[in-house]
Amino acid sequence: MFEEGQLYSAVTTEDDGTVRVHLSDNHPGLHDEAYLRRRGEIAAVSLAHRPGDPVPTVEYTEAEHAVWRTVSTELAPKHERYAHPEFLRGKAALDLPVDHVPQLHEVTERLLPLTGWSYTCAPGLVPLRDFYRDLGRRVFSSTQYLRHDSRPLYTPEPDILHEVVGHGNQLASPRFAAVTRAAGEATTRLETDEAVKFVADVFWFSMEFGVMADGDELKAYGAGILSSYGEMDEFRSMDIRPLDLVAMGTLNYDITAYQPVLFRAESVDHLEDVVGTFFETVDDDLAARLRAQAAAAV
């Protein structure tokens, strides 16, 4: 999943067919053999899935349901305080369960009548063009595993809580869903990797880590912020800048830390006019010109 893909643990298949997930050194489950086996089992389910087949079911354990309950319960009051009303409308419409981990097909069943989107499974990293191609078809590729239960409010990598609580609630808004789809459709027109990367970075600073005015207050609508227990407390103290496609498409950022620079839309209309229109019209030449503007300003 574009730059964020670096956060996904590598998945390999051994000669005997065993699927192994290689966690980062800072992962709470790195030395938990039971968790490592479980992650391999869940990754194997996704690896065995073939496009067009029903999304496979994962029989979640009580410990995994408990992680979902804890995180859902803790995020709820923060959403009420920090999430933009458009996100909250999507969340209310989707009405995800808070007491158990939903299957991806259940998320699809709730989401499809709202905005026409569906979910499919992925073991981890999805190649950038494949991920965006699917977005253009209103399909979101999601992991199925959960973070380690020793630290339910922290994860060094995107898990199903990020993919569903963050993106699923966002995609339940017809307006946010349309902007996301436009980003996916844009990449099908682009030939250069540099142009695709530019689109992905604009997506990062909008649909992943976007903030938006709500009257006199600053609220979050980005899935990355709204699925992060800690980042919701911090985002308003960051360097908040107006929407700027040149900067959004070229700014260097550290994906392993809270985002120190965020870009503010004044309204959903403003997001659609600037970011949505960019996704709808960008081609290789426009992306190159914007990148050249950034280089000239250095």
Side-chain angles (χ1 to χ4, degrees), residues 1-4 82-90 128 132 135-136 166-167 169-171 173-187 189-190 194-228 231-232 234-255 257-298:
M1 180 173 161
F2 47 97
E3 284 300 294
E4 191 185 32
Y82 297 123
H84 190 272
E86 184 65 22
F87 180 92
L88 292 176
R89 282 190 284 272
L128 183 146
Y132 276 91
L135 291 187
H167 285 286
N169 286 322
Q170 188 186 68
L171 291 170
S173 155
R175 300 180 76 178
F176 289 152
V179 174
T180 301
R181 185 182 187 185
E185 291 176 330
T187 64
R189 302 190 301 271
L190 302 176
E194 291 79 9
V196 174
K197 176 68 163 57
F198 195 100
V199 168
D201 286 347
V202 172
F203 187 92
W204 174 270
F205 282 113
S206 54
M207 307 316 293
E208 281 286 355
F209 286 94
V211 295
M212 186 177 291
D214 179 29
D216 295 331
E217 295 189 69
L218 184 69
K219 299 293 181 70
Y221 69 91
I225 298 175
L226 293 171
S227 59
S228 172
E231 199 146 5
M232 274 188 276
E234 302 294 335
F235 75 89
R236 293 177 301 172
S237 63
M238 300 305 181
D239 178 3
I240 308 297
R241 304 180 186 180
L243 291 183
D244 179 342
L245 293 172
V246 172
M248 293 166 75
T250 57
L251 185 68
N252 290 324
Y253 51 90
D254 180 358
I255 62 177
Y258 292 166
Q259 298 303 299
V261 176
L262 301 172
F263 293 89
R264 164 181 167 141
E266 297 306 314
S267 63
V268 181
D269 285 344
H270 186 213
L271 176 73
E272 292 168 333
D273 289 344
V274 176
V275 175
T277 298
F278 167 73
F279 288 152
E280 291 170 356
T281 59
V282 64
D283 56 18
D284 291 279
D285 289 341
L286 174 58
R289 288 198 305 273
L290 294 176
R291 193 176 292 278
Q293 288 181 32
V298 175

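Sequential numbering from 1 along the given sequence is applied to the chain's residues. Note that this is a predicted model, so its numbers are computed, not measured.
- Of all non-hydrogen atoms in S206 and L271, the two that sit nearest each other are CB-CD1, 4.3 Å.
- With hydrogens and angles ignored, the 3.5 Å screen pairs a side-chain donor or acceptor of D244 with a backbone N or O of A247.
- At least one side-chain heavy atom of H84 sits under 4.5 Å from a side-chain heavy atom of V268.
- Atoms CZ and CG, on F263 and L245 in that order, are 9.5 Å from each other to the nearest 0.5 Å.
- Note that OG1 of T277 and CD of E272 are 8.5 Å apart. Values are rounded to the nearest 0.5 Å.
- At least one side-chain heavy atom of L243 sits under 4.5 Å from a side-chain heavy atom of M248.
- Closest non-hydrogen pair, G210 versus I225, comes out as O-CD1, 4.0 Å.
- Using bins of under 30°, 30° to 60° and over 60° for the plane-to-plane angle, the ring pair F205/Y253 lands in the perpendicular bin.
- Taking each heavy atom of A183 and V199 in turn, the nearest pair found is O-CG1, 4.0 Å.
- In terms of modelled atom types and a separation under 3.5 Å, the side chain of E208 and the main chain of F203 share no donor-acceptor contact.
- Between the side chain of E231 and the main chain of Q259, a donor-acceptor pair closer than 3.5 Å is present.
- Between P260 and D239 there is no side-chain heavy-atom pair separated by less than 4.5 Å.
- Residues R175 and D269 have side chains in contact (heavy-atom distance under 4.5 Å, counting atoms from C-beta outward).
- The line from CG of L262 to CZ of R241 is 10.0 Å long, rounded to the nearest 0.5 Å.
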Chi angles and distances behind the ring pair (Phe, Tyr, Trp, His ring centres under 6.0 Å) call for F176, Y221: CA-CA 9 Å; F176 289 152; Y221 69 91; 5.4 Å; yes

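- A distance of 9.0 Å separates CG in L88 from CG in N169, rounded to the nearest 0.5 Å.
- The pair E86-R89 meets the salt-bridge criterion, with a side-chain N (NZ, NE, NH1 or NH2) lying under 4.0 Å from an Asp/Glu carboxylate O.
- Residues A182 and G276 share a closest heavy-atom pair of CB-O, 4.5 Å.
- Between D201 and R291 there is no salt bridge, since none of the side-chain N atoms of the basic residue sits less than 4.0 Å from a carboxylate O of the acidic one.
- The closest side-chain heavy-atom distance from Q170 to M207 is below 4.5 Å.
- In this structure, CE in M238 is found 10.0 Å from CZ in F209, a value given to the nearest 0.5 Å.
- Between L251 and V261 the shortest side-chain heavy-atom distance falls below 4.5 Å.
- Ring-plane geometry between F235 and Y82 is classed as perpendicular, the angle between the planes exceeding 60 degrees on a 0 to 90 degree scale with a lower cut at 30.
- Side-chain contact check for S228 versus Y258: some heavy-atom pair is nearer than 4.5 Å.
- Put simply, NE2 on H167 and OG1 on T180 are 8.0 Å apart, with the number rounded to the nearest 0.5 Å.
- Shortest non-hydrogen contact noted between G166 and A223 is C-CB, 3.5 Å.
- You'll find the side chain of R189 stays beyond 4.5 Å of the side chain of D283, heavy atoms only.
- For the pair F279 and V179, the tightest heavy-atom approach, listed with the atom from each and the gap, is CD1-O, 3.5 Å.
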Stepwise side-chain contact (heavy atoms from CB on, under 4.5 Å) test for V211 and K219: CA-CA 6 Å; V211 295; K219 299 293 181 70; over 6 Å; no

